[in-house]
2 protein chains.
Amino acid sequence: MAGRVTLDDIAQRVGVSKTLVSLVLNGKAERYGISKQTCDRVFVAVHELNYRPNQTARSLRTGKTRTIGLVVSDISNAFYANLAREFEDLATAQGYSVFICSTDEDVEKEKSLITMLRNRQVDGLVVSSSQDKTDWLNAINDGGTPLVLIDRHLGNNTLSAVVGANRKGGRMLARHLVEQGFQNPLVIGLSTNHISSVAERIEGFVEVFKNENLEYAVHEVGFHSVQSDVVNLLNGIEAKRFKPDCLFAVNNNIATAVLQYLSAKNVKVPNELGLVCFDDMPYFSIIKPSVTAVEQPIAKICSKAFGILQELMETGSNSKTTGVVEIPVKVKIRESSMLKSN
Amino acid sequence: MAGRVTLDDIAQRVGVSKTLVSLVLNGKAERYGISKQTCDRVFVAVHELNYRPNQTARSLRTGKTRTIGLVVSDISNAFYANLAREFEDLATAQGYSVFICSTDEDVEKEKSLITMLRNRQVDGLVVSSSQDKTDWLNAINDGGTPLVLIDRHLGNNTLSAVVGANRKGGRMLARHLVEQGFQNPLVIGLSTNHISSVAERIEGFVEVFKNENLEYAVHEVGFHSVQSDVVNLLNGIEAKRFKPDCLFAVNNNIATAVLQYLSAKNVKVPNELGLVCFDDMPYFSIIKPSVTAVEQPIAKICSKAFGILQELMETGSNSKTTGVVEIPVKVKIRESSMLKSN
DNA sequence: CTGAAAGCGCTTACAG
DNA sequence: CTGAAAGCGCTTACAG
């Protein structure tokens with residue numbers, strides 16, 4: 001029976017109209033000059049009957065669901081899991097609930113999830129998109145669902161985006177490697193290299209070696225076959241013409257696969273092969289050698305993105321854009337890339 | 001303007017009633033003998049106007065939201081992140097969306113999140129509860145929101161629960177340690193030791209050493225201070241009367257903190273100190289020495305839990321319970337606990 | 001200070 | 001085969 005209690009029930013109990021009850025419950029008592037006494041009678045009844053407002057009905061009437069959709073490639077990826085948690089906390093503090101969806105880097109899946117979320121009338125969308133064009137998402141944003149991109153952008157266009165300073169991170173890693181005397185890096189990217197985060201990491205990285213006139217190579221592994229692709233890539237490495245003296249894994253999943261391989265093959269890091277990567281993980285400082293990685297400021301990325309989204313949701317001005325906001329990153333230099341002892 | 005298209009709009013466009021349109025859209029055309037031709041006209045209009053049904057309105061009318069609440073202690077914990085992903089896939093496949101909430105092991109927070117989710121009219125709840133009593137959650141389940149416990153149970157009572165075989169896992173780890181010649185384990189538990197999963201891991205583990213008449217100790221660390229508590233605990237260890245020759249970390253967060261400490265202090269594992277833990281992580285097989293851990297069958301736990309929940313949601317028989325369902329676990333024996341070479 | 005009424009956008013008996 | 005009407009549980013002008 002609990003849960004079937006409605007506004008009418010409590011209105012009857014108190015002997016007032018449901019308008020009155022609604023007003024009181026929404027904190028508009030004062031504005032309408034409703035007496036403290038009446039309010040209390042309402043509160044008592046609410047408590048006695050254990051009334052819980054039906055948020056669905058409320059949403060239908062107000063057009064607001066206090067709900068946000070968070071769309072990422074894979075919530076089980078530690079980076080996105082951390083991001084989701086930060087975002088959840090921000091959202092909950094403001095009375096929002098969040099739907100979390102994983103796209104597996106599949107554009108069609110992303111679109112259908114976003115459409116589903118819009119049908120559920122989410123007030124806003126935060127997406128780490130796998131798309132390479134901006135039009136589809138632009139239409140969503142213009143169509144009344146505020147949207148901010150996170151972790152990846154689609155060019156400095158109409159959509160707001162909050163990302164880590166990927167290009168700079170890549171550059172910093174490369175400079176550090178050069179300083180340490182490394183000369184020929186192999187970059188292990190993703191088949192989804194069009195994604196801005198990955199692309200910029202690689203661009204920034206490669207730029208440095210290009211300027212130094214050093215030879216490098218860029219290879220890709222598939223999103224769904226990271227581990228086996230890494231194995232295949234590294235297995236033949238000595239036989240190939242290009243012999244890298246260090247590796248750059250563009251994200252934490254690739255880094256883990258690389259570490260797995262190097263550990264199994266007993267490759268000596270950093271002397272036989274140096275290693276740097278993106279997305280610092282707790283275990284990178286535990287293992288031997290510890291791993292040099294770029295740490296992204298997830299909390300800052302989330303709070304910035306949430307702030308922008310909130311502004312859009314509240315003002316309803318979905319035409320306004322903040323462009324691409326870049327949050328500084330930090331490189332954690334560790335043993336895997338230190339040829340010289342500092 | 002897209003998004004503002006309603007059933008009425010498309011009814012007008014086609015020149016039929018919205019009843020008709022609704023019937024067609026819900027696949028009831030055949031049942032009501034609506035002509036193929038009429039259906040097609042509806043579909044065309046839907047497509048032309050880019051109609052998307054308002055799920056909120058639908059929910060209010062039907063009383064179903066096709067929404068599930070997943071409540072765990074922390075979505076950024078790798079174990080729950082994986083669990084959430086498995087659960088998301090199962091739910092999405094059946095047209096459900098899932099709200100994910102983190103409680104930080106705080107009972108009041110858990111209650112307020114669950115109440116919020118109920119106000120949002122979720123069709124069902126899956127919770128990894130921090131509560132030690134069953135009455136509050138029972139009331140929820142009896143009050144019309146089907147609920148299944150996951151990862152932890154509250155005794156073999158009215159609520160359905162799906163958990164890993166924690167006691168057995170603890171026992172297996174202990175037997176393995178004994179076989180390897182370890183004699184005096186230090187168990188590092190959590191201040192939330194009342195939680196069934198942790199409690200049973202410890203019980204199963206301790207039971208073995210008790211039967212062998214071997215001395216052991218159980219200490220606890222705080223949920224919010226795992227790292228510092230682990231440091232404090234292990235720091236004084238040589239000076240204490242009880243000197244362990246191996247450690248049992250009851251979950252992956254504790255294990256990571258322990259590894260961090262052991263690595264920093266250059267403790268030789270397993271010779272100076274053996275280590276076993278719960279919740280296998282990819283990096284456990286990368287690091288040296290690799291870490292012995294119990295692997296929980298997350299996919300199976302989720303599919304079982306989802307199946308039970310679905311049954312409850314569809315039949316509405318929230319009084320039925322399957323009791324506590326235990327899913328077998330596997331222990332991954334690795335170097336951190338191998339004194340004898342096998 | 002308070003209430004009757006409309007309406008958010010659907011679905012579903014009911015009637016023809 | 002099809003439509004008019006009621007109603008899910010709220011909020012919000014509007015009127016007094």
Side-chain angles (χ1 to χ4, degrees), chain A residues 1-42 45-46 49-67 118-123 144, chain B residues 1-42 45-46 49-67 118-123 144:
Chain A
M1 281 296 86
R4 303 254 135 272
V5 181
T6 118
L7 219 45
D8 259 327
D9 295 327
I10 108 114
Q12 285 192 335
R13 171 83 152 224
V14 179
V16 294
S17 73
K18 57 179 180 177
T19 303
L20 200 289
V21 177
S22 173
L23 258 21
V24 171
L25 259 30
N26 288 309
K28 299 184 179 171
E30 208 153 349
R31 194 178 321 167
Y32 284 82
I34 298 169
S35 75
K36 180 91 174 54
Q37 200 185 350
T38 310
C39 289
D40 283 344
R41 282 164 61 216
V42 168
V46 162
L49 298 182
N50 189 25
Y51 169 73
R52 293 177 301 107
N54 182 324
Q55 176 66 36
T56 300
R58 187 177 219 278
S59 293
L60 179 57
R61 177 58 223 249
T62 62
K64 296 290 174 199
T65 53
R66 285 262 147 192
T67 279
R118 294 189 78 208
N119 293 357
R120 288 181 180 281
Q121 312 298 121
V122 293
D123 292 342
Chain B
M1 282 298 86
R4 304 251 135 275
V5 181
T6 115
L7 218 46
D8 259 327
D9 294 328
I10 108 116
Q12 285 191 337
R13 171 82 154 226
V14 179
V16 294
S17 73
K18 56 180 178 176
T19 303
L20 200 289
V21 176
S22 173
L23 258 20
V24 171
L25 258 31
N26 288 309
K28 299 183 178 171
E30 207 153 352
R31 196 177 322 165
Y32 284 81
I34 298 168
S35 76
K36 181 89 176 55
Q37 199 185 349
T38 309
C39 289
D40 284 344
R41 282 164 59 216
V42 169
V46 162
L49 298 182
N50 189 26
Y51 169 74
R52 293 177 302 107
N54 182 322
Q55 176 66 36
T56 300
R58 187 175 219 277
S59 292
L60 179 57
R61 176 58 223 246
T62 62
K64 295 290 174 199
T65 53
R66 285 262 145 191
T67 279
R118 293 189 79 207
N119 293 356
R120 289 182 180 280
Q121 313 298 121
V122 293
D123 292 343

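By convention in this document, chain letters (A, B, ...) are assigned in the order of the sequence lines, proteins followed by strands, and residues within each chain are numbered from 1. What you see is a predicted model; the values in this text were computed from it and never measured.
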Next on the checklist: Let's see if you can work this out: which of C/dC10, D/dT2, D/dC8 has an atom nearest to the side-chain heavy atoms of B/Tyr32?
Outcome noted: D/dT2
Next on the checklist: Using a 4.0 Å heavy-atom cut-off, does B/Leu20 contact any base of the nucleic acid, only the sugar-phosphate backbone, or nothing at all?
Outcome noted: sugar-phosphate
Checklist entry - Between D/dG3, D/dC10, C/dC10, which one does the side chain of B/Thr6 approach most closely? => result C/dC10
Checklist entry - So which nucleotide from C/dC10, C/dT2, D/dT12 ends up closest to the side chain of B/Ala57? => result C/dC10
Checklist entry - Quick one: stems for DNA chain D, with Watson-Crick or G-U pairs under 3.5 Å, at least three in a row? => result C:1-3 with D:14-16, C:5-12 with D:5-12, C:14-16 with D:1-3
Checklist entry - Under 3.5 Å, is there a donor-acceptor pair between the side chain of B/Thr67 and the main chain of B/Thr65? => result yes
Item to check | Pairwise C1' distance for C/dC10 and D/dG3, with rounding to whole Å | outcome: 16 Å
Checklist entry - Nearest to the side chain of B/Leu7 - D/dG9, C/dC10, D/dG3? => result C/dC10
Checklist entry - Of the nucleotides D/dG3, C/dG9, D/dC10, which one has an atom closest to the side chain of B/Thr19? => result D/dG3
Checklist outcome for this item: Winner on side-chain proximity to A/Ser17, out of C/dG9, D/dT12, C/dG3, is C/dG3
Checklist entry - Between A/Lys18 and D/dT12, is there a side-chain N or O to OP1/OP2 distance below 4.0 Å? => result no
Checklist outcome for this item: Here the distance between atom C1' of D/dG7 and atom CZ of B/Arg58, to the nearest Å, is 16 Å
Item to check | Interatomic distance at C1', D/dT2 relative to C/dT12, whole Å | outcome: 14 Å
